[in-house]
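Heads up: the structure comes next, in structure tokens.
No hydrogens, no waters, no symmetry mates; every other heavy atom, side chains included, goes into these values.
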Amino acid sequence: MRKLVALPVLSADALSSVAYGPEAMLAVLVLGGAAGLRYSLPIAAVIAFMMLAVGVSYRQTIRAYPHGGGSYIVASDNLGRVPGVIAAAGLMIDYIMTVAVSIASGIEAITSALPALAPSAVMIGVAVIVVLLVGNLRGVRQAGAAFAAPTYAFIIAVFTLVAVGLADAAAHGFQPMPTPRLPVTEGVTLLLVLRAFTSGSTAMTGIEAISNAVPAFRPTEWRNARTTLTWMVTVLIILFGGTVALVHLDGVVPHGNETVLSQLARRTFGPGVMYGYVQAATAAILLLAANTAFNDFPRVLFLLARSGHAPRLFLRVGDRLAFSNGILALALAAIAIFVGFAGNTQSLIPLYAVGVFLAFTLSQAGMVVHWLRHRDQAHWRKSLVFNATGGLLSAIVFVTAGITKFTEGAWVAVLVIGLLVLLALRIRRHYDLCTQALALRPHVIELPRQSAPGSGPQVRPTAMPPMTADTETEELEEAESEEYPEEVSHLVIVPIARLDLAGMRALAYAASLGQPLLALHLSPTETEAERFRSYWATWGDHLPLEVVVSPHRAIVAPLVHYIETLHHQRPDLTLTVILPEIVVRHWWQRVLHNQTAPRLRRALRPLPKIVITTIPFHLPR
């Protein structure tokens, strides 16, 4: 991506937080009345400094990880497996809350302009999440001007709002307007100030997005990514600081019927075209920020599944080249959170800060360890100081949010993160036990050879021939006409994912039948395909092997296509597909293993002369 496209596409999450971050801070300070609101500018200044510090620290992450360095990767590489899983759990909570908070804030922007829709806010929010779910399952992707427009529209809207508002304030000598009479429900204590600080810090969400997407930039990737990150942090600080300053000068206070940004726009522009433009741009960027999570959340699950900490079904790519299972999991979790908190942004904010700053803290702590290990790199001391500063500030916010917001809902985030970590470690333990149980033993390396090597039909599918209604009818009649054993011609196909005991047992069973046999392996890349061929050659080339490169780790669709092609090329053959199947001891463990056999059976059932056989391999525990 060009920088002008990457900036709006990757910054939507961070910049959209201007719509709810300042309001979240003010919603806490207003509990202390006018005295509490006096702390808005100092707190905003501290948050702006944190934005700068964390932004600079992520510049060091981009330099150290030019191929993309998200919190999970950085923490796993430098701090170990468990801290990496904790960072991933924090990221997952972050993305779930991004959807819930962005949709809630977007709906509030709409209902501020159209109050009649307020009673249906929860229903509208759920409908929006469902629309995003369907769109992403169909392969909708962030790209180009279509996704850049909402972000640029929002930047222009808030810049204009701040500029016109400050110009009006300058005409009055920057004298703040008096705030309405406010009831004091809490004293202005350190606890109140810290709560406001952690709520306002949610305006920093999304700063790490650019460091995750370095490979998406044009060359030189890491340099363009650092430049784009600098632009994003600069714009974020200006929009955040300008909004808080304008709130202070206009005497605006939060209330339940209208957002702070809507109040500012109405006071500055009146209920006209510009007011509608600000609200529409705000709603648009918030929806775009929610859609960003639908791209990032499944990738975190993919990384976890690749390392054995999540079910392997999250490795699967759908027909539209989207991680459909991860997308569905995100939508269901976001809907549950959104409905559970009645779509109220202020109720959702306490859950947000915990996951965000946990991931920030572990990522920056990992970078400190990285620089200590790579002291031979240029400017490593300066980079270490930047990352240590960012990590310390993030840790302060994380601990503060966990303590001050605990009873307001942060306990939910802490509990869910803990459960996710325990679940991920249990899943990894199960997969480790499976690996041990399936590991090849020396005595199984020499497998009995095929009874009649080289005999029988040798087939290699090429292009599928064009089919007509007449030829299909003829093939069907031929398929239905076999009545005697000698009329049946066999070809046995054994899809083999890896050389383990389950695969060897399926191959041994197939070879024992004495029929022409073909082993079939699917690899995600040509490199993996060559590696498997070398394993097969080491094993001894006992059986003919066909390797099919299947990008995106799709399994069933390429298998079905291959078998269909064989069927159309040789309709006289009866194709027997023998599949190794892992049989677990507990029902809940089934989700951890690909259910290839049932899916393949359903896909091939309409074709004649296709037989599916499974060879069970029972895990000891």
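- Side-chain contact, S307 with Y72: a donor N or O sits under 3.5 Å from an acceptor N or O.
- T292 and Y95 share no side-chain donor-acceptor pair at under 3.5 Å.
- Contact of the P516 side chain with the V492 side chain is not registered, since no non-hydrogen atoms from C-beta on lie closer than 4.5 Å.
- No hydrogens or angles considered: nothing links the side chains of D296 and N212 as a donor-acceptor pair under 3.5 Å.
- With a 4.5 Å cut-off on side-chain heavy atoms, L229 and I62 count as touching.
- For the residue pair A305 and P311, the shortest heavy atom distance occurs at CB-O, 3.4 Å.
- Side-chain contact check for Q60 and N387: no donor-acceptor pair (N or O, by modelled atom type) lies under 3.5 Å.
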Apply the test side chain to side chain contact (heavy atoms under 4.5 Å, CB included) to residues R602 and I612: give CA-CA distance (whole Å), side-chain angles for both, the deciding distance (0.1 Å), then the verdict. CA-CA 10 Å; R602 288 192 297 268; I612 307 293; over 6 Å; no
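- Inter-residue side-chain proximity for F217 and L10 is flagged as met; some heavy-atom pair is nearer than 4.5 Å.
- Using modelled atom types, one side-chain atom of R375 and one backbone atom of L372 make a donor-acceptor pair closer than 3.5 Å.
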Query - M367 and F386: CA distance, side-chain angles, deciding distance, side chain to side chain contact (heavy atoms under 4.5 Å, CB included) verdict - result: CA-CA 10 Å; M367 287 305 305; F386 286 143; over 6 Å; no
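- Not one N or O on the side chain of S102 forms a donor-acceptor pair closer than 3.5 Å with the backbone of V99.
- Of the possible polar contacts, one joining the N78 side chain to the V74 backbone as a donor-acceptor pair under 3.5 Å is found.
- The environment of CH2 in W380 is crowded: more than 12 heavy-atom neighbours from other residues, nucleotides or ligands sit within 6.0 Å.
- Shown here for A529 and V547, the closest heavy-atom pair between the two residues is CB-CG1, 3.5 Å.
- Counting heavy atoms from C-beta on, the side chains of Y352 and T98 come closer than 4.5 Å.
- To the nearest 0.5 Å, atom NE2 of residue H618 and atom CZ of residue R585 are 10.0 Å apart.
- Taken from CG in L518 to CG in L520, the straight-line distance is 6.5 Å, to the nearest 0.5 Å.
- L358 pairs with exactly one of I417, V399, L91, V414 by the side chain to side chain contact (heavy atoms under 4.5 Å, CB included) rule, that one being I417.
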- Item | I129 vs I103, side chain to side chain contact (heavy atoms under 4.5 Å, CB included): CA-CA, chis, key distance, verdict | CA-CA 8 Å; I129 296 175; I103 295 298; 4.1 Å; yes
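- No donor-acceptor pair under 3.5 Å is formed between the side chain of S363 and the backbone N or O of F360.
- A distance of 10.5 Å separates CG in L501 from CG in L619, rounded to the nearest 0.5 Å.
- To the nearest 0.5 Å, the span separating NE2 on H568 from CD on E564 amounts to 5.5 Å.
- Partner of I493 under the side chain to side chain contact (heavy atoms under 4.5 Å, CB included) criterion, out of I578, L566, L559: L566 alone.
- Across A359 and S71, no two heavy atoms sit closer than the pair O-OG, 3.4 Å.
- A 4.5 Å side-chain heavy-atom check between E528 and V549 finds every atom pair outside the cut-off.
- Rounding to the nearest 0.5 Å places NE2 of H490 at 6.0 Å from OG1 of T576.
- Between H430 and L592 there is a side-chain heavy-atom pair separated by less than 4.5 Å.
- F532 and H521 have parallel rings, their planes meeting at less than 30° on a 0 to 90° scale where 60° marks the start of perpendicular.
- The two atoms that bring S394 and F357 nearest to each other are O-CB, 3.8 Å, heavy atoms only.
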Carefully, step by step, assess V54 and M204 under the rule side chain to side chain contact (heavy atoms under 4.5 Å, CB included).
-> CA-CA 9 Å; V54 173; M204 296 173 57; 3.5 Å; yes
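- Taking every heavy atom of both residues into account, A413 and I93 meet most closely at CB-CG2, 4.4 Å.
- Side-chain N/O atoms of S383 and R63 include a donor and acceptor closer than 3.5 Å.
- Looking at T205, its side chain does come within 3.5 Å of a backbone N or O of T202 through a donor-acceptor pair.
- Between P544 and L517, the shortest heavy-atom contact is CG-O, 3.0 Å.
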Start with the C-alpha gap between Y509 and T613, add the side-chain angles, then the distance that decides, and say whether side chain to side chain donor-acceptor pair (under 3.5 Å) holds. CA-CA 11 Å; Y509 175 83; T613 300; 5.9 Å; no
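- With hydrogens and angles ignored, the 3.5 Å screen pairs no side-chain donor or acceptor of R428 with any backbone N or O of G308.
- Under the 6.0 Å cut-off for aromatic ring centres, Y431 and H309 do not qualify, their centroids lying 6.0 Å or more apart.
- The pair R533-E526 meets the salt-bridge criterion, since a charged nitrogen lies less than 4.0 angstrom from a carboxylate oxygen.
- In this structure, the separation between CH2 on W371 and CG on L384 is 9.0 Å, given to the nearest 0.5 Å.
- Inter-residue side-chain proximity for Y65 and H370 is flagged as met; some heavy-atom pair is nearer than 4.5 Å.
- With contacts defined as side-chain heavy-atom distances shorter than 4.5 Å, the pair E581/I615 does not qualify.
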